[in-house]
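Some notes on the structure that comes next.
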Protein chains: 2
Amino acid sequence: MSKTFEKLNPYLEKSMAIETALALLSWDMETLAPADSIDYTSKVVGILSGESFSSIVNDEVKDLLKQLNTEKEQTQLSIKEKAIVKNLTKSMEQMEKIPPEEYQAYSELTAKAQNIWVRAKKNNRYEDFAPTLSEMLTYQKKFIGYRQKEDENLYDILLDDYEEGFTTKELDAFFEQLKKTILPLVKKVTAKNDTIDKSFLYRNYDINQQKSFARYIAGYIGFDFNRGVMAESEHPFTTNLHNHDVRITNHYYEDNLESAIFSIIHEGGHAIYEMGVADDLTQTPAGAGMSMGIHESQSRFFENVIGRNPAFWEPIYDKLVSYFPEQLSDISFDHFIRAINKSEPGLIRTEADELTYSLHIMIRYELERALFSDEITVDELPSLWNQKYEEYLGITPPDNTQGVLQDVHWALGSYGYFPSYAIGSAISAQIYYHLCDKMPFEQYLKEGNLTVIREYLKDHLHKYGTTKTTMELLKDMTGEEFNADYYVRYLEEKFTKIYEL
Amino acid sequence: MSKTFEKLNPYLEKSMAIETALALLSWDMETLAPADSIDYTSKVVGILSGESFSSIVNDEVKDLLKQLNTEKEQTQLSIKEKAIVKNLTKSMEQMEKIPPEEYQAYSELTAKAQNIWVRAKKNNRYEDFAPTLSEMLTYQKKFIGYRQKEDENLYDILLDDYEEGFTTKELDAFFEQLKKTILPLVKKVTAKNDTIDKSFLYRNYDINQQKSFARYIAGYIGFDFNRGVMAESEHPFTTNLHNHDVRITNHYYEDNLESAIFSIIHEGGHAIYEMGVADDLTQTPAGAGMSMGIHESQSRFFENVIGRNPAFWEPIYDKLVSYFPEQLSDISFDHFIRAINKSEPGLIRTEADELTYSLHIMIRYELERALFSDEITVDELPSLWNQKYEEYLGITPPDNTQGVLQDVHWALGSYGYFPSYAIGSAISAQIYYHLCDKMPFEQYLKEGNLTVIREYLKDHLHKYGTTKTTMELLKDMTGEEFNADYYVRYLEEKFTKIYEL
């Protein structure tokens, strides 16, 4: 190990320990903590966040990173160490130029923003959220501005934070391709006037039975309960303390079986990724999922490519019926498969089917892009949102609650995050065709043999943590970099078949 | 606020935040964390323990404490500040001489020890736990050794940590008194050849129903679920993040209703104490329960003085029967009361009746005392344990699971803790006679009015945190310092009546 790198270790360990504690506190606040504890526990979170920040953003670490980024030092670093130095340098660049008092003010604003958004969404009052959103955007533009290079597009900097290698240039091309291919496909499907009845998925389903089945199916896809925990929260999410403690949540509705099943498979996909990170990388800055896009590629691969595949359900549909005989014994296997793959333009992103999903993302991308280049204002957002839904999906939100206010991301300060969902979906299709080349994919699903698939993903993707970039991961595994053709092909093949187009 | 004291604040806040995170990590490891996470999470615990240590044990804090302990500074401190300075000074003395790397290694060992103990107990393999126990004792002796004054008894130092004012001198006298009074009483009771049949408590009790009833009764005695959480673990315990997040656990056995009920009332007593600490003390070093003895006085007061009192059950016995009609409808109220107060020498401390309970403690006290003076070795513990059970209780454990492995304490590094249970029991009796003077105690229980009792305890004990010592709390509330005569009187009166001696 490089002597200079060795000096980084105490800082890395301290930061890792505090971040692990913060992850647990956050998990606990969402799943278990008592109602009246929030104010007191938030104080703890605030102090630890400050400690975490100063454990990395300090002169000693800055100086070490400067040394470690010299050519001479770089040659002495292992792949793992290089990845760690790269990630830390990126974090340092993101943070170091922001004056602490500005960051503090922004953090306080963000903390309040969620509540303001919740109320505004509940009351359908966009105007109550707009000033906060506007203020947050101003801060964000200022923060990115601190590290803007000449002529650099502000939004590109944000995009790069979430997904290295994907700027507006790549994303414009990507969404243009989707517009040309997916939009006509959606129109064709809509023209078929689909009559598949999926109302049986919204019968009354006992919540304890739903939990039992969620536990069963999480285990079935490969969630390891010796290294993971499953619990409940308002919105499903995945978090982890390290690769031996990965946690997923679900939310159960008495009248929605579909939500419980596909949310847990989705989160299970995220979790299997984190469980697959190599032991020698976990608990280091190189030891988590590579990027949001790669993460979503795994969750959406499990949710859609696997979870909505007839071959996946073939061996276990009877099992599902045995959990809910009253609700499902009159539903044939084919009916069930058609229902979980039904495509229908809708207003809500999180409930969208595979085919229309990326259109929801495209709308958000176009709006964020325009916001960050000052082409549009915060006040114009609702009407532009609605116009785009009408244009791309053929429906107009009846109110802002089901429109521009539906997602939490902007209230969290996550700008440039949405495109990762579409990138992830596209990557999942690219991986799918690669796997079909490498193994009898559907046959394995029919045999209930997910182990081979999971092990392949682990060996070619999961285990690398952040030691390879998105492009490197794809190149090394599938032989080519990101290629959205597979995504288009996947959707065309799948929906042409389902809808006999 | 004193200017010097103000300088302490950042250190206090950092330490509090890290300690809160450690409390949550520990809770999580005992209640929820997946089996294979231990090694990785222990590393986090080790690092955070080191951070917690260095946040207080450093030259700046040492210097501030030195100043704050001068007469001039002391006059400027509030009661709360004085208590904080006193506690910190004590912690500093406990910690300052321990090399941080030794403390970190010990913390990591302790984090693993619990799991090793759980497995050893489950498999009845003391030999699997013995090396860990031995290693922990070596560390502990080393640590206490660092602050040992000439001729000072090592075990006295530990005892004083848990219970200021109680050394082997006081405890030898206390247990001598119990030997003289309780041992003969136990013999008299045993001679009565009690025929109360309590086997109905060990019928088959549905665990989910037990959980529901535990939740009911915890709420009934005053556990506030808006400020607390109830979960399951191998051994029931209480912990807290602050006074607005207090957590208790229970362990359920299908064939033991008694254990579930009285464990949850016991932990509920601990929790009510922590919930009662004043808001301006919580999240400071003065904001927790005063001592282990006072803590046990509250838990055992709720468990025994209240929980085994006929007046307590009068309004709610029907409720209990309604939870378990199949098992309890043939059991009269009087039969139930006799059964939960039956005295019978047994093997398990946590299941011991009030009368024989302190004999279990005496055995642990004698063994710990001998371990710390090197009169006995870890390898001798199981046989000595069994001999003492034969001597004091007239029964020999058939295996180590029911013998030396039964309690978690030694796996937690809690040596010198056990005596607090007996001290607490004695204090609970002292408080009981005081309350009988102050209010129609039994009448309130019959009316299901626990609020007045709880509020009295809050106002005279709970709210003070550590701003009064054990002796001060007792003196200010009951008019006299610790007096074990009340305990002997309580047991003699109660069991003479029950057994018509």
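Note: hydrogens, waters and symmetry copies are ignored here, and every other heavy atom, side chains too, is used. Letters go in sequence order (proteins before strands), and every chain restarts at 1.
- Residue contact with chain B, scored on non-hydrogen atoms closer than 4.5 Å, involves the backbone and the side chain of A:Asp279 alike.
- For the residue pair A:Val229 and B:Pro34, the shortest heavy atom distance occurs at CG2-CD, 3.5 Å.
- Here the side chains of B:Glu13 and A:Lys43 are in contact, with some heavy-atom distance below 4.5 Å.
- Within 6.0 Å of NZ in A:Lys211 there are more than 12 heavy atoms belonging to other residues, nucleotides or ligands.
- For A:Lys463, the NZ atom sits in a packed shell: over 12 heavy atoms of surrounding residues, nucleotides or ligands are nearer than 6.0 Å.
- When A:Leu241, A:Thr41, A:Leu25 are compared by the number of non-hydrogen pairs under 4.5 Å with chain B, A:Thr41 comes out ahead.
- Here the closest non-hydrogen pair linking A:Val44 and B:Met16 is CG2-SD, 3.8 Å.
- The two residues A:Asp245 and B:Ala33 make their nearest non-hydrogen contact at OD2-CB, 4.1 Å.
- Of the listed residues (A:Ile38, A:Thr20, A:Leu24), the greatest number of heavy-atom pairs within a distance under 4.5 Å of chain B belongs to A:Leu24.
- In this structure, B:Lys122 places its NZ atom where only 12 or fewer heavy-atom neighbours from other residues, nucleotides or ligands lie under 6.0 Å away.
- By the 6.0 Å contact criterion, CZ on B:Arg215 is open, its count of non-hydrogen atoms from other residues, nucleotides or ligands being 12 or less.
- Here the CD atom belonging to A:Glu51 is positioned 8.5 Å from the OG atom belonging to B:Ser55, to the nearest 0.5 angstrom.
- Of the atoms belonging to B:Asn243, it is side-chain heavy atoms, and not backbone ones, that fall under 4.5 Å from chain A.
- Both the backbone and the side chain of A:Asn226 come within contact range of chain B, judged by heavy atoms closer than 4.5 Å.
- Taking both residues in full, the closest heavy atoms of A:Tyr40 and B:Gln283 are given as O-NE2, 3.0 Å, listed atom of the first, atom of the second, then distance.
- Around atom OH of A:Tyr103, no more than 12 heavy atoms belonging to other residues, nucleotides or ligands sit under 6.0 Å away.
- The minimum heavy-atom distance between A:Asp28 and B:Arg247, with the atom names listed, is OD2-NH2, 2.6 Å.
- Residue A:Ile79 qualifies as open at atom CD1: its count of foreign heavy atoms under 6.0 Å is 12 or below.
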Go through the steps for B:Arg227 and A:Ser37 under the test side-chain contact (heavy atoms from CB on, under 4.5 Å), then give the verdict. CA-CA 6 Å; B:Arg227 295 169 64 175; A:Ser37 66; over 6 Å; no
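- Shown here is A:Lys112, whose NZ atom has no more than 12 heavy atoms of other residues, nucleotides or ligands within 6.0 Å.
- For a residue to count as touching a neighbouring chain, one of its non-hydrogen atoms must lie under 4.5 Å from one of that chain's; by this rule B:Ile18 touches chain A with backbone and side chain alike.
- For the options A:Asp224, A:Leu48, A:Leu22, heavy-atom pairs under 4.5 Å to chain B are most numerous at A:Leu48.
- In this structure, CG on A:Leu32 lies 12.0 Å from CE on B:Met230, to the nearest 0.5 angstrom.
- Around atom CD of A:Glu326, no more than 12 heavy atoms belonging to other residues, nucleotides or ligands sit under 6.0 Å away.
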